[in-house]
Amino acid sequence: MSLDRLIDNCKKKHVKAQEELYKRYASTLFSVCLKYASSYADAEDILQDAFMIIFDKISQYKGQGSFEGWLKRIAINTALQRYRKPGVLNLINEENIREVEVEVEEESINLDYLLRIIQELPDRYRMVFNLYVLDGYSHREISELLEISEGTSKSNLARSRQILKDKIEVTQKHPLNQSQTR
């Protein structure tokens, strides 16, 4: 079934079309959810919530721009909503923190380990890191999404990079740490 027809059928609330849409995009959207979640189980919950929103709001998709991009924005916003609850995203305003560069010996760090240490970041740092580094949002956009200042976004990014840098350096000095903690 063509994508346009699939979308039209989802707009008409056809269950089979919704199942097909889920099958086509669940793995892609799950990887988006996993970037923002603090655990695998949270990512599964976020994915389910995102699909509920997608099916509810699919009539708002007007065919302009990438459909997959539209789906990803919903998944990201769903994840952010979960962590926007009072007290969860306690963002710390840490102005004037220096930019940290992370050098990685690519052969020594595997992707699963990298994803895991990103997930281990405190929520406030993980959200900013993922939005800026992995999804290409600007600090201005992040400040609007998370309702923080641009300076806070920049400082939280710097802190997240520093935490990741420290963990990667330890792993590179002691490679067993990476495999033992999988």
Side-chain angles (χ1 to χ4, degrees), residues 1-85 88-89 102 104 106-107 109-146 153 156-157 160-161 164 167-168 178 181-182:
M1 178 181 315
S2 75
L3 181 59
D4 290 337
R5 184 176 163 133
L6 181 63
I7 292 169
D8 285 341
N9 286 340
C10 284
K11 287 178 179 181
K12 295 173 186 170
K13 310 280 188 212
H14 291 170
V15 174
K16 291 287 185 194
Q18 291 174 334
E19 288 174 8
E20 177 64 28
L21 186 78
Y22 184 88
K23 286 178 187 173
R24 280 193 195 182
Y25 291 101
S27 64
T28 300
L29 295 182
F30 183 71
S31 65
V32 171
C33 296
L34 202 51
K35 288 190 304 189
Y36 289 91
S38 59
S39 70
Y40 194 89
D42 276 351
E44 290 176 325
D45 290 345
I46 293 166
L47 178 68
Q48 296 309 313
D49 292 347
F51 268 104
M52 297 302 291
I53 293 167
I54 288 165
F55 294 140
D56 187 50
K57 298 192 181 276
I58 198 161
S59 62
Q60 295 176 10
Y61 179 71
K62 302 299 180 203
Q64 298 171 327
S66 161
F67 181 64
E68 188 171 317
W70 184 79
L71 296 173
K72 286 179 179 180
R73 279 191 302 282
I74 289 175
I76 290 170
N77 286 332
T78 302
L80 294 178
Q81 265 317 109
R82 173 176 278 241
Y83 293 103
R84 236 187 241 132
K85 295 175 184 167
V88 174
L89 247 187
V102 180
V104 177
E106 292 180 27
E107 305 81 41
I109 303 292
N110 71 48
L111 191 57
D112 290 337
Y113 174 73
L114 212 48
L115 180 59
R116 186 176 55 73
I117 64 173
I118 290 170
Q119 285 180 317
E120 290 173 354
L121 287 169
D123 293 336
R124 62 187 175 269
Y125 299 144
R126 188 178 64 255
M127 296 298 137
V128 172
F129 180 85
N130 286 329
L131 287 167
Y132 187 83
V133 175
L134 302 178
D135 290 316
Y137 284 80
S138 70
H139 286 294
R140 172 174 280 144
E141 292 168 319
I142 294 168
S143 72
E144 291 169 5
L145 281 169
L146 299 178
S153 176
N156 281 282
L157 175 63
S160 66
R161 285 181 167 163
L164 293 172
K167 288 183 178 196
I168 289 169
Q178 185 180 163
T181 54
R182 283 187 195 166

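Residues passing the side chain to side chain donor-acceptor pair (under 3.5 Å) test with Ser138 are Glu141, sequence neighbours excluded. Residues passing the side chain to side chain donor-acceptor pair (under 3.5 Å) test with Gln48 are Tyr22, sequence neighbours excluded. Residues passing the salt bridge (Lys or Arg N to Asp or Glu O under 4.0 Å) test with Arg140, sequence neighbours excluded: Glu150. Judged as a ring pair (Phe, Tyr, Trp, His ring centres under 6.0 Å), and not counting sequence neighbours, the contacts of Phe55 are Phe51. Residues that satisfy the side chain to side chain donor-acceptor pair (under 3.5 Å) test with Thr78, not counting sequence neighbours, are absent from this structure. When the side-chain contact (heavy atoms from CB on, under 4.5 Å) test is applied to Lys57, the partners found at least two apart in sequence or on another chain are Ile53, Gln60. Residues satisfying the side-chain contact (heavy atoms from CB on, under 4.5 Å) test with Ala75, not counting sequence neighbours, are Leu29, Val32, Cys33, Ala50.
Atoms CD and CZ, on Glu44 and Phe30 in that order, are 5.0 Å from each other to the nearest 0.5 Å. Glu120 CD to Ser39 OG: the interatomic distance, rounded to the nearest 0.5 Å, is 11.5 Å. With rounding to the nearest 0.5 angstrom, the CE atom of Met52 is 9.0 Å from the CD atom of Gln18. Phe129 contributes atom CZ, which lies 5.0 Å from atom CG of Leu164 (distance to the nearest 0.5 angstrom). The structure places OH of Tyr36 at 10.5 Å from CD1 of Ile46, a figure rounded to the nearest 0.5 Å. Taken from OH in Tyr132 to CG in Asn156, the straight-line distance is 13.5 Å, to the nearest 0.5 Å.
The two atoms that bring His139 and Ser153 nearest to each other are ND1-OG, 2.7 Å, heavy atoms only. Among all heavy-atom pairs drawn from Leu115 and Leu34, the shortest one is CD2-CD2, 3.6 Å. Contact record, Leu6 with Ala17: CD1-O, 3.3 Å, taken as the closest heavy-atom pair. The heavy-atom pair separating Ser38 from Asp123 by the smallest distance is CB-OD1, 4.2 Å. Between Leu80 and Met127 the shortest heavy-atom distance is CD2-SD, 3.5 Å.
Using bins of under 30°, 30° to 60° and over 60° for the plane-to-plane angle, the ring pair Tyr61/Trp70 lands in the tilted bin.
Residue pairs meeting the salt bridge (charged side-chain N to carboxylate O under 4.0 Å, His left out) criterion with at least one member in residues 63-77, sequence neighbours excluded, are Glu68-Lys72. Applying the salt bridge (charged side-chain N to carboxylate O under 4.0 Å, His left out) test to every pair with at least one member in residues 22-43, sequence neighbours left out, gives these pairs: Glu20-Arg24, Lys35-Asp135, Asp42-Arg82.
Between Tyr113 and Lys167, some side-chain heavy-atom pair lies under the 4.5 Å cut-off. Side chains of Leu114 and Ile168 form a contact here, defined as non-hydrogen atoms less than 4.5 Å apart. Looking at heavy atoms from C-beta onward, Ile58 lies in side-chain contact with Leu21 at the 4.5 angstrom threshold. Side-chain contact between Ile142 and Leu157: absent, with no pair of heavy atoms (C-beta onward) separated by less than 4.5 Å.
Lys16 NZ: 12 or fewer foreign heavy atoms inside a 6.0 Å radius. Under a cut-off of 6.0 angstrom, the local environment of CE in Met1 is crowded, with over 12 non-hydrogen atoms contributed by other residues, nucleotides or ligands.
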*Worked verdict on Leu131 versus Ile76 for side-chain contact (heavy atoms from CB on, under 4.5 Å)*: CA-CA 9 Å; Leu131 287 167; Ile76 290 170; 3.9 Å; yes
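A salt bridge does not link Arg5 to Asp8: none of the charged side-chain nitrogens sits closer than 4.0 Å to a carboxylate oxygen.
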